[in-house]
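Every chain is numbered from 1, with letters handed out A, B, ... down the list of sequences. What you see is a predicted model, and the numbers here were worked out from it, not measured in a lab.
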Amino acid sequence: MTTKRYEGCSRRRFGLPALAAPWMILAAPATALAQTDSPTVAPANAEPQSSSVAETPYDPWHAANRPVFAVSMEVDKGVIAPVAHGYRRILPAPVRKSVRSAIDNLGEPGTVLNDLAQGHPSRAGVATARFAINSTVGLLGLFDVASRMNLPYHESDFGQTLGRWGAQPGPYIYVPIVGPSNLRDGLGRIVDAFTDPVSLLTGGVTTTLGAIRFTATTVDARVGADSAFRALKDATDPYATARSAYTQRRTAVVQLATGEAEVLPDFEPAPTAPSANTAPSPNPTAVPN
Amino acid sequence: MHSQPRRRALQLLLPILLGALGGAPSALAQEAGARAREPQAEQFVQAAAQRVVSVLADRGLSLAQKEATFHQAINELADVPKITNFVLGKYARTITPAQRQQFATAFRTYAEGVYQKRINDYRGEKLTVTGSVVRKPGDVVVNTTISGGQLDQPVAVAWRVLGAQGSWKVVDVQFKGVWLAITQQQDFVSTIDNAKGDIGVLIAQLQRDAQRPSASR
């Protein structure tokens, strides 16, 4: 088994909103992985040799990524976060829930395409049924009626589809304002944007509907990411923390499509007494990143 | 009156329609359920993790009481020494005994503050074990959902549990595909890397952060 990098992930959205709906570091709705019951974890019989050190995400462009991250966080603090918090204050929770349901509903056709491309026709069937039910009985997607019929929501994206067929994530990229990505998943989002059936039918962001969808998706995603943003504030290195979380999540998303087991590091027993091999030397393996 | 049977009919019909499309909607759940389970680890998580969730959800406790009870509940739930060692990553091998002791104290204070807040974000009341997967003997991932309280829908949380008969401890927790201890390790290792391998810089930063009055908002 090849060693898998902890890849990244985003709460991707189809259509042009996919390009905006951003910072989704940890922003995925609880449902995105929830309904799958963590199937990414499996018996470790095929695991490579154990290690207590998790693999660092591949980040050859960190010299460019770090400043972009820093500036993006400032823009978030000054502009995007206040808008998202205002949205949350003004609109009552049921309204916000309906907005999210409607956004999710418009993403279903794109999910169907990717489910099929991944060779998961039953999942495509669920997304198709959800779209049909929620668009009609659910009043244009404002109410997620399908979830109550044992048709839980899931997302599939083209980065995941590429990963399903063996594509590695490639270099980590922090896209200005938009957030963490990597070569594979960034490309995936662009493909998703251009192949989104809803956008193809109704027009992209230049239309009124497209612009509303784009804005709503962006604001909703930032609200969803709020606890992740707060968690970043507690990190000793927020850049590395965002990169780690994004990469792990993308790995989990791809493993949902492949059904492969997650590679996890080992936890070794802590040394009990002062041990002999603790020479107080500067560490030669330190690599600033 | 009429809607009830109609809905039931729809519920019966849908899986058949979907089945014709290629499979049952709960295929994923079945995949997960087919693997070996570990009832003892599940029972441990049910009891010990429920205690942590309950402490955080308990509005009757003062902040000081909550912190003390949380500290105790973490001791019962988690293998603190193992986690403390793990989050140092490659530096666990080079840290001096004196630094290790300093780090352990600083990390414990920092982590309790941070995770108390973070778990508060997912404040729910009831923890339900949905299954478990034996990765290898003594290494189990227990899947749970946390619901009720302020959550409008259940949140899936996985607990990595190490141990054997009667003696289990949690070493890592996963939300939304992200393992907290792994993330913490990559955060700390990067901080030490950026300080050219000086672990003292991380320790000082943790001590400083712990002094900050709640950085939750």
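Within the 4.5 angstrom heavy-atom criterion, only side-chain atoms of Leu202(B), from C-beta onward, approach chain A. Using a 4.5 Å cut-off between heavy atoms, Leu206(B) contacts chain A through its side chain alone, with no backbone atom that close. Contact annotation for Ala98(B): neither backbone nor side-chain heavy atoms come within less than 4.5 Å of a heavy atom of chain A.
Under 3.5 Å, the side chains of Asp187(B) and Thr236(A) contain a donor-acceptor pair of N or O atoms. Thr56(A) and Gln186(B) share no donor-acceptor pair across their side chains, judged by distance under 3.5 Å alone.
In plain terms, the two heavy atoms of Glu262(A) and Trp179(B) that are nearest each other are OE2-NE1, 2.9 Å. Nearest heavy-atom pair, Pro81(B) versus Ala270(A), reported as atom, atom and distance to 0.1 Å: O-CB, 3.5 Å. The shortest non-hydrogen separation linking Pro265(A) to Ile182(B) is CD-CD1, 3.6 Å. Across all their heavy atoms, Leu162(B) and Phe267(A) have their closest contact at CD1-CB, 3.7 Å. Nearest heavy-atom pair, Arg93(B) versus Ser52(A), reported as atom, atom and distance to 0.1 Å: NH2-OG, 4.2 Å.
The distance from the CG atom of Asp193(B) to the CG atom of Asp237(A) is 9.5 Å, given to the nearest 0.5 Å. Annotation: the span from Gln174(B) atom CD to Leu264(A) atom CG amounts to 8.0 Å, rounded to 0.5 Å. Rounding to the nearest 0.5 Å places CD of Gln248(A) at 8.5 Å from CG of Leu180(B).
With a 4.5 Å cut-off on side-chain heavy atoms, Arg230(A) and Val114(B) do not count as touching.
Judged by distance alone, with hydrogens and angles left aside, the side-chain atoms of Glu268(A) form no donor-acceptor pair with the main-chain N or O of Asn85(B) at under 3.5 Å.
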Discussion item. Walk me through whether Arg135(B) and Asp266(A) qualify under salt bridge (charged side-chain N to carboxylate O under 4.0 Å, His left out).
Written reply: CA-CA 11 Å; Arg135(B) 300 184 71 250; Asp266(A) 286 335; 5.2 Å; no
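A 6.0 Å sphere centred on CD of Glu76(B) holds more than 12 heavy atoms belonging to other residues, nucleotides or ligands.
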